[in-house]
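Structure record follows, encoded as structure tokens.
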Amino acid sequence: MSRSARNLDHHLQRHGNVWRVRLEIPAPLRPQFKDSRFLIHSLGPVTQSQARILRDPVLSGFRLLITQARNPDDPVLQKARAIRRDWELADDDESRTLAFSEAVEIADAVEASEGEEAGTNIFHVAVGIAIPLRDHLEAWIADIGCTGKTALLHRKAFTVLEQWCRANHLRPMLQAITGKVAHRFIEKHLKVTLATTKTVNRYLSSYRTHWKWLKRQHHLQDNPWADTHVPERRNVYSSVDDDHAGKRAFTDMEIGSLLAGNAPSVLPDLMMVAALTGARIDAVCSLRVRDCAEDAFAFKRQKREPRGRSVPIHSKLKAIVARRVKGRDPEAFIFDELPEATPSRPRSAQASQAFTRYRRKVGVGAGEGESSDVDFHSFRRWFTTKAEQAGQPPHIIDFVTGHKRPGETLGRYSEGPSMAQMRKCVEAVKLPRG
């Protein structure tokens, strides 16, 4: 089976005459799942193409369960969620009656210890009348394909909203956020505490798109954030408006200093891969052994990229890749020195911090405490610059680096350049001499 076919059927398994979705549970979390090694859900006797369509919502639910197990919150709230799942999945009166009895029991226990209001709140969660603010957050993040920094920003936005609700004596539930509440939160909190209109709108985008997803999933009827974008007062003299305003590419001399220095641990290989692929740090740190087959990197979708993509492995990287994949499990990360990701910290965080310290040590960019005009993303800028200076077509560079390609024809209809075209682009980028 080709790598592309394996990727299409990843987490799908044929079992008898049915297809099923299977996701491995990390070993440390298995005791919370009765020591099971896998989460498994049968899709029934469907076709392979139908199974591929049905797989992703199931995987989103599985990943939410694993995230909640890795980062457990209030055990009473977890119990209420479990009762609600039993209630929603009940297919007979006896099961529904049992779930209702459990909801009453847990509500009575909470009321006895914390008061009537707390008991009522937990009862509403258990029977699905109220849904905690963050209940579907991880499923949404997985479903829209957010990773790294973007996922962290979404989580931060909901932490801010949840804390504000508690501080203002509002239940941190989805149903508590009405249009009036959203307006008060924006005017009395976001606009007061956040530095720029752009940051306010970033938070509002998280809420707006999450509620839109909740409506599609039939969890809610209304979106109180639908028309909450705040007009931005633009500086007519500013021509840069992105996440990396004021940053630049490394110079060839800086690239030479970084690659020739005594970099610690994972950094030498990580910097080489970043410099000769133009990929973002999260994409590089997320590479697994299976993503390095057939002489190409299979980068997953990142940030605002339209899709995942395969990028030929530069000839100067082949020895590094061969060393890091030799004898390894296909699911292993090639940069396995990095810690596991958590909902609040991506795998790349430690590498990014180590790079900043190393960059300052070798004298590239500003020193400690100063604002620098370079960062790890400057490898991506350097790659793009060198590919353009080598005469590579801009639309090929866009595809290799994962940028949205302009125009109706290429941007909408083309499936992308050939591997030969991309290999020519990648190999056109040369490391500085020495």
Side-chain angles (χ1 to χ4, degrees), residues 148 247-300 302 309-328 332-339 346-365 374-390 392 397 400-402 419 422-434:
K247 303 294 185 180
R248 61 171 176 82
F250 289 126
T251 65
D252 285 357
M253 184 176 293
E254 289 171 333
I255 288 286
S257 297
L258 290 167
L259 297 182
N262 187 23
S265 183
V266 72
L267 284 184
D269 290 351
L270 193 66
M271 290 188 296
M272 281 286 288
V273 174
L276 295 177
T277 61
R280 293 183 171 91
I281 187 171
D282 287 322
V284 176
C285 292
S286 298
L287 283 171
R288 298 177 186 268
V289 171
R290 59 175 164 81
D291 297 324
C292 304
E294 299 179 15
D295 205 22
F297 291 123
F299 288 118
K300 66 180 183 180
Q302 291 278 314
R309 66 197 187 283
S310 290
V311 175
I313 297 175
H314 196 289
S315 56
K316 294 291 185 181
L317 296 177
K318 291 183 179 180
I320 293 174
V321 173
R323 167 167 46 84
R324 286 188 167 273
V325 304
K326 185 177 180 180
R328 305 283 304 286
F333 290 105
I334 68 167
F335 294 105
D336 59 344
E337 302 96 322
L338 301 175
R347 293 191 80 247
S348 61
Q350 185 183 86
S352 179
Q353 292 170 346
F355 173 76
T356 300
R357 292 191 294 269
Y358 170 69
R359 172 182 62 74
R360 290 169 176 161
K361 180 180 177 181
V362 297
V364 173
V374 293
D375 53 17
F376 196 94
H377 209 71
S378 293
F379 283 115
R380 181 171 171 86
R381 301 182 187 98
W382 179 83
F383 176 92
T384 304
T385 301
K386 291 301 170 183
E388 181 181 24
Q389 291 175 355
Q392 294 304 301
I397 302 173
V400 167
T401 56
M419 288 299 285
M422 288 192 289
R423 189 172 301 282
K424 183 178 179 181
C425 176
V426 168
E427 293 292 342
V429 177
K430 308 293 184 184
L431 292 174
R433 291 186 178 182

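Proximity of a side-chain donor or acceptor of His314 to a complementary backbone N or O of Val429 within less than 3.5 Å is detected. Counting only distance, with no hydrogens or angles, the side chain of Ser352 and the backbone of Ser348 share no donor-acceptor pair below 3.5 Å.
Take Arg328 and apply the salt bridge (charged side-chain N to carboxylate O under 4.0 Å, His left out) test, not counting sequence neighbours, and it matches Asp336. With sequence neighbours excluded, the residues that form a side-chain contact (heavy atoms from CB on, under 4.5 Å) with Lys424 are Gln392.
Seen from the ring of Phe333, Arg347 counts as a face-on cation partner, given the 6.0 Å and 45° thresholds.
Taking 4.5 Å as the limit, some side-chain heavy atom of Phe299 sits within range of a side-chain heavy atom of Leu287. By the 4.5 Å heavy-atom criterion applied to side chains, Cys292 and Phe297 are counted as neighbours.
Pairing each heavy atom of Ile313 with each of Lys318, the nearest pair is O-CE, 3.8 Å. Contact record, Ser286 with Asp291: O-OD2, 4.0 Å, taken as the closest heavy-atom pair. Taking each heavy atom of Pro339 and Gln350 in turn, the nearest pair found is CD-OE1, 3.6 Å. Counting all heavy atoms, side chain and backbone alike, Pro346 lies closest to Asp282 at CB-OD1, 4.0 Å. When all heavy atoms of Thr251 and Glu254 are compared, the pair lying nearest together is N-OE1, 2.9 Å. Here the closest heavy-atom approach between residue Val374 and residue Arg359 is recorded as CG2-CD, 3.8 Å.
Using cut-offs of 30° and 60° for the angle between ring planes, the Phe376 and Phe379 rings count as perpendicular.
The CE atom of Met419 lies 6.0 Å from the OG atom of Ser310; values are rounded to the nearest 0.5 Å. Residue Gln353 holds its CD atom at 6.5 Å from CZ of Arg357, rounded to the nearest 0.5 Å. The CZ atom of Arg360 sits 11.0 Å away from atom CZ of Phe355, with the distance rounded to the nearest 0.5 Å. With rounding to the nearest 0.5 Å, the separation of CD in Gln389 from OG1 in Thr384 is 11.0 Å.
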For this session: Assess whether side chain to side chain contact (heavy atoms under 4.5 Å, CB included) is satisfied between Leu276 and Leu431, documenting all intermediate values.
Result: CA-CA 8 Å; Leu276 295 177; Leu431 292 174; 3.9 Å; yes
For this session: Go through Lys386 and Lys430 one step at a time and tell me if the side chain to side chain contact (heavy atoms under 4.5 Å, CB included) criterion holds.
Result: CA-CA 8 Å; Lys386 291 301 170 183; Lys430 308 293 184 184; over 6 Å; no
Which pairs would a plain distance check flag for residues 256-275, meaning a side-chain donor or acceptor within less than 3.5 Å of a matching protein atom at least two apart in sequence or in another chain?
from   : atom 1 : to     : atom 2 : distance (Å)
Ser257 : OG     : Met253 : O      : 3.1
Asp269 : OD1    : Arg323 : NH2    : 3.3
Asp269 : OD2    : Arg323 : NH1    : 3.0
Asp269 : OD2    : Arg323 : NH2    : 3.2
Asp269 : OD2    : Arg324 : NE     : 2.8
Asp269 : OD2    : Arg324 : NH2    : 3.2

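Within 6.0 Å of CD on Glu388 lie no more than 12 heavy atoms contributed by other residues, nucleotides or ligands.
Side-chain N/O atoms of Ser378 and Arg381 include a donor and acceptor closer than 3.5 Å.
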